[in-house]
Amino acid sequence: MFVFTSPDGRSFEAESVTALEALDRLGQKKGAVAARVDGDLVDLATVLTDSSLVEAVPASSDEGLEILRHSTSHLMAQAVRRLFPGTKVAIGPAIKEGFYYDFDVNGTLTEGDLKRIEDEMRRIVKESHRVERFFLPRDEAIARFRDEGEIYKVELMEEIADDEISLYRQGEYVDLCRGPHVPNTSMLRHFKLLSLAGAYWRGDEKNVMLTRIYGTAFAEKEDLEAYLTRIEEAKRRDHRKLGRELDLFSIQEEGPGFPFFHPRGMALRNKLIEFWRNEHRRAGYEEIMTPLILDRDLWIRSGHWDHYRENMYFTEIDGAPYAIKPMNCPGGILVYKSQIRSYRDLPLRIAELGTVHRHERSGVLHGLMRVRCFTQDDAHLYVTPDQIKREIQGIMDLVDHVYSDVFGFAYHVELSTRPEKAMGEKELWDRAEQSLQEALEEKGVAYRLNPGDGAFYGPKIDFHLEDCIGRTWQCGTIQLDFQMPEKFDMTYVGSDGAQHRPVMLHRTVLGSLERFMGILIEHFAGAFPFWLAPLQVRILPVKGEHQPWARSVETLLREWGLRVEVDGRDEKLGKKIRDAQLQKIPYMLVIGEREVESKRVAVRERSKGDLASLSLEGLQELLLGEYDPLGDAPSLRRSVPHP
RNA sequence: GCCGGUGUAGCUCAGCUGGUAGAGCAGCUGACUUGUAAUCAGCAGGUCGCCGGUUCGAGUCCGGCCGCCGGCUCCA
């Protein structure tokens with residue numbers, strides 16, 4: 001006899017039961033899609049052959065959803081196989097917000113086919129097939145799938161070491177799978193196929209391209225609907241859409257990947273730069289600027305020619321070869337080398353808002369997030385080996401301050417290690433990777449390992465931010481580099497009077513102004529905080545005759561250092577308010593007869609609505625009291641001139 | 001770069017099975033003189049992404065190229 005116990009302490013004895021029976025007898029059957037037995041996820045049909053702790057996995061839990069989605073991907077594969085005979089199936093996992101399955105279809109699938117596939121899926125659900133696990137000896141399983149032409153599954157099975165292969169059957173459909181799955185196709189109700197995409201077999205562009213179908217599934221209908229609505233809502237925050245609506249920037253056919261910044265976008269960008277300069281001055285950085293175009297030999301020497309050439313643009317000057325810089329480091333290094341450096345100068349923190357050009361493949365361009373010309377908020381730190389960790393941690397603090405304190409972004413950290421085409425010796429890389437890891441662990445920062453994704457000259461810590469639909473983008477980065485100092489024979493004079501080799505840190509905080517602005521736009525849905533808003537105040541005269549006072553107030557607010565304009569159009573107030581709301585301008589100042597007479601303004605805030613009628617002193621207190629990370633910037637003068 | 005989709009006025013979109021383009025908003029002009037999310041009327045605006053082909057005739061069909069969108073691969 002075995003004893004089966006539930007987490008809440010109930011238990012019973014039995015000879016042998018299935019997980020489902022156990023859950024039933026422990027009063028936990030309802031809503032379960034699988035069971036957790038002594039910590040392992042298993043099918044409900046699994047026969048329990050030892051005393052164990054048995055727990056239900058409800059469909060709505062994270063694990064339950066994953067199982068539900070995984071099972072739905074199988075359901076989809078079954079439907080595709082029915083509708084498109086001869087289709088070979090590849091891989092179909094659950095992912096963050098749904099699932100996908102990759103197929104090798106004869107001919108092509110189009111979005112119109114998704115509906116048909118969904119209909120077939122519903123038919124299979126109605127047919128109510130049991131989803132059963134069974135095992136075959138490895139050779140037998142391989143032979144069986146090979147006979148059916150399932151070359152992708154065969155390839156996967158050949159890599160499985162076990163003698164027995166785990167398979168699942170639902171109706172006529174059999175798939176290679178570890179499970180667990182829901183016990184019956186009838187449990188799959190609330191799903192939707194979302195999109196169609198190409199995907200390389202095993203993610204390698206040298207392999208054939210398969211057709212991937214993305215979909216999602218939820219335990220409850222409302223959850224699915226809420227998800228679909230959320231995706232729709234999120235699309236309204238898309239920075240490409242808002243960039244056009246708020247007239248921030250544009251990208252033209254004449255320059256794919258080369259954004260044009262309009263006056264409003266420039267106001268935002270310049271404010272961001274001002275903020276950035278302020279933070280870096282405080283953090284002990286100096287600033288330089290280096291040329292966009294430099295002799296090709298420099299890039300051969302730096303290793304870019306060997307490791308980065310396909311991403312570079314080249315040109316010629318008086319018949320001699322030059323390159324447009326894809327990175328700022330070589331230029332920065334020349335500045336370092338322009339004089340003899342002493343250990344007393346270190347750590348040397350030299351920042352540069354460096355505009356770089358990189359040839360990105362056409363299919364990857366994406367609004368401001370992925371462009372071919374962008375300005376990095378770069379900096380290079382030249383340090384002694386024993387300063388490395390402290391400087392790395394200093395940068396991490398700066399990044400966290402900017403992301404968390406100032407903008408309120410959630411972010412995650414990755415440690416990217418030695419790539420395939422790395423420059424330099426492995427021991428140096430190991431040392432560098434270890435330093436970064438130590439810095440992270442000492443700070444207690446949670447991070448993901450991203451193997452093989454380092455820069456060609458060094459490993460890096462990456463800071464990733466999310467866009468409106470949850471895609472993540474690398475923004476900040478800290479790269480530890482032992483290679484360039486060698487290549488360029490960089491030195492400093494130590495206290496011993498001898499020459500020593502500095503270590504170099506490459507880093508960004510925002511990443512690039514372009515990408516960061518994209519994130520900002522999506523994060524705030526275009527409703528920027530007051531200090532960043534391209535236009536902070538719009539003054540709305542009720543009638544034409546109120547314009548003189550409106551203009552006076554405008555002049556005054558300019559004096560205060562604010563970005564302000566008057567809506568002098570011959571329109572009704574309601575229209576002016578509507579337009580200002582749509583432009584997401586933080587404050588509207590309504591000026592009518594009452595205001596002109598009393599020398600006041602009626603203040604409307606974009607999210608709070610009509611606030612109050614204020615005197616100019618009261619207005620100044622309100623506006624200049626708004627949060628501003630630039631603090632007591634001298635441009636904000638405090639006196640109230642009387643117009 | 002690869003796979004799928006897509007490309008009509010500044011923006012959002014109509015345009016059936018081929019018969020040389022239409023709406024709303026925005027713009028301009030005029031009237032209205034306006035108080036917290038759209039005043040009314042008129043006018044103007046398009047080589048239908050580009051190139052080529054089929055056809056008596058192409059926005060519509062075919063081919064090539066370019067851009068854009070979603071992925072993949074690659075990256076700040």
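Residue numbers start from 1 in every chain, and the chains themselves are labelled A, B, ... in the order their sequence lines are given, proteins ahead of strands.
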Is [X] side chain donor-acceptor paired with the [N] base, going by distance under 3.5 Å alone?
X	N	result
A/Tyr200	B/G1	yes
A/Arg515	B/C75	yes
A/Arg578	B/U36	no
A/Glu595	B/G35	yes
A/Arg370	B/C74	yes

With a non-hydrogen cut-off below 4.0 angstrom, is [X] in contact with a base, only sugar-phosphate, or nothing?
X	answer
A/Val371	base
A/Glu545	nothing
A/Arg212	sugar-phosphate
A/Glu571	base
A/Ser362	base
A/Ala199	sugar-phosphate
A/Gly363	base
A/Asp579	nothing
A/Lys460	sugar-phosphate
A/Ala602	base
A/Met588	nothing
A/Arg471	sugar-phosphate
A/Arg244	sugar-phosphate
A/Gly203	sugar-phosphate

**Request:** Could you check whether A/Phe374 and the base of B/A76 form a stacked pair, meaning centres closer than 5.5 Å and planes differing by less than 30°?
**Result:** yes

Spacing between [X] atom [atom1] and [N] atom [atom2], to the nearest angstrom:
X	N	atom1	atom2	value
A/Glu360	B/C74	CD	P	13 Å
A/Ile213	B/C3	CD1	P	17 Å
A/Leu196	B/U6	CG	P	11 Å
A/Leu248	B/G10	CG	P	20 Å
A/Gln583	B/A26	CD	C1'	12 Å
A/Leu210	B/U73	CG	P	12 Å

**Message:** For A/Thr355 and A/Thr375, which I'm curious about, is there any donor-acceptor pair between the side chains at under 3.5 Å?
**Reply:** yes

**Donor-acceptor pair between A/Arg606 and A/Gln583 side chains, under 3.5 angstrom** = no

Taking only the [atom1] atom of each, what is the distance from [N] to [M] in whole angstrom?
N	M	atom1	answer
B/C11	B/G4	C1'	27 Å
B/U60	B/G71	C1'	30 Å
B/G7	B/C13	C1'	13 Å
B/A44	B/G63	C1'	38 Å
B/U55	B/G1	C1'	37 Å
B/A23	B/G45	P	13 Å
B/G42	B/G59	P	30 Å
B/U47	B/U8	C1'	13 Å

Output yes when at least one side-chain N/O atom of [X] is less than 4.0 Å from OP1 or OP2 of [N], else no.
X	N	result
A/Arg361	B/C2	no
A/His366	B/G70	yes
A/Lys575	B/C40	no
A/Tyr214	B/C72	yes

Nucleotide paired to [N] in any strand shown, Watson-Crick or G-U, under 3.5 Å:
N	result
B/G42	B/C28
B/U36	none
B/G67	B/U6
B/G59	none
B/G22	B/C13

If you check the [X] side chain, which of [options] turns out closest?
X	options	answer
A/Val364	B/G71, B/U73, B/A37	B/U73
A/Glu253	B/A76, B/G7, B/G70	B/G7
A/Ser195	B/G70, B/C75, B/U36	B/G70
A/Gln474	B/C2, B/U39, B/A76	B/A76
A/Gln376	B/A76, B/G70, B/U36	B/A76

**Cation-pi, A/Phe103 ring and A/Arg212 (6.0 angstrom, 45 degrees)** = no

**Message:** Under 4.0 Å between a side-chain nitrogen and a carboxylate oxygen: does that hold for A/Arg240 and A/Asp238?
**Reply:** yes

**Prompt:** Are A/Arg202 and A/Glu159 close enough for a salt bridge, meaning some N to O gap below 4.0 Å?
**Reply:** yes

**Complete:** Contacts of A/Gln252 and A/Gly452 projected onto RNA chain B by closest heavy atom; the upstream (5') one is A/Gln252

**Item:** 5'-most by nearest nucleotide on RNA chain B - A/Thr110 or A/Ala455
**Value:** A/Thr110

**Prompt:** Does the pair A/Tyr411 and A/His464 meet the rule for a side-chain hydrogen bond (donor to acceptor under 3.5 Å, both in side chains), with working shown?
**Reply:** CA-CA 5 Å; A/Tyr411 65 97; A/His464 295 250; over 6 Å; no

**Item:** Closest non-hydrogen atom pair, A/Leu532 against A/Leu268
**Value:** O-CD1, 3.5 Å

**Verdict with supporting geometry, A/Phe275 and A/Phe407, ring pair (Phe, Tyr, Trp, His ring centres under 6.0 Å)** = CA-CA 12 Å; A/Phe275 161 72; A/Phe407 293 108; 5.8 Å; yes

**Item:** side chain to side chain donor-acceptor pair (under 3.5 Å), paired with A/Tyr313, selected from A/Arg358, A/His359, A/His357
**Value:** A/His359

**Prompt:** Taking it one step at a time, do A/Arg81 and A/Thr87 satisfy side-chain hydrogen bond (donor to acceptor under 3.5 Å, both in side chains)?
**Reply:** CA-CA 6 Å; A/Arg81 287 276 305 254; A/Thr87 296; over 6 Å; no

